[in-house]
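Every value quoted in this text rests on a predicted model; they were computed, and no experiment measured them.
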Amino acid sequence: MILYPAIDLKGGQCVRLLRGDMAMATVFNTDPGAQARAFAEAGAAWVHVVDLDGAIAGRSANAPAVESVL
């Protein structure tokens, strides 16, 4: 089995939403690049990245955060 860690981006930060509610976001890391490095150091070869703001806006909204993950 392959597990893919996820980074959900909202306002440039790594978050988790409560029941999909954008107003109920818990910030887990303010540095998406650091979170991606932590996943890589733990052995992850891939990371699933979701631009939550972009999903609502219909266009990329967290490009700098995505670039830091890359």
> Should side-chain heavy atoms under 4.5 Å link Ile, Leu, Val, Met, Phe, Trp and Tyr, which residues sit in the same cluster as Leu18?
Replying inline: Met24
>> Arg16: which residues meet the salt bridge (Lys or Arg N to Asp or Glu O under 4.0 Å) condition with it, sequence neighbours left out?
In response: Asp8
Using distance only, find each side-chain donor-acceptor pair of residues 49-61 under 3.5 Å and give its atom names and separation, not counting sequence neighbours.
residue, atom, partner, partner atom, Å
Asp51, OD1, Asp53, N, 3.3
Asp51, OD1, Gly54, N, 2.7
Asp51, OD1, Asn62, ND2, 2.7
Asp51, OD2, Ala61, N, 2.8
Asp51, OD2, Asn62, N, 3.1
Asp53, OD2, Gly11, N, 2.6
Asp53, OD2, Asn62, ND2, 3.1

> Do you know which two heavy atoms are closest between Lys10 and Met22, and how far apart they sit?
Replying inline: CE-O, 3.0 Å
> Any idea which heavy atoms bring Pro32 and Ala65 closest together, and the distance?
Replying inline: CG-CB, 3.8 Å
>> According to a hydrophobic-cluster definition based on side-chain heavy atoms being under 4.5 Å apart (Ile, Leu, Val, Met, Phe, Trp, Tyr only), do Ile7 and Val15 belong together?
In response: no
> With sequence neighbours excluded, what pairs up with Ala44 under the side-chain contact (heavy atoms from CB on, under 4.5 Å) test?
Replying inline: Pro5, Phe39
> Hey, quick one: are Leu9 and Leu17 part of the same hydrophobic cluster, counting side-chain heavy atoms closer than 4.5 Å, chains of contacts allowed?
Replying inline: no
>> Side-chain heavy atoms under 4.5 Å apart, restricted to Ile/Leu/Val/Met/Phe/Trp/Tyr: what other residues fall into the cluster of Tyr4, or is it alone?
In response: Ile2, Trp46
> Pairs in or reaching into residues 17-31: which pass side chain to side chain donor-acceptor pair (under 3.5 Å), with residues at least two apart or in two chains?
Replying inline: Asn29-Gln35
> Taking only residues at least two apart or on different chains, which pairs with a member in residues 32-44 satisfy salt bridge (charged side-chain N to carboxylate O under 4.0 Å, His left out)?
Replying inline: none
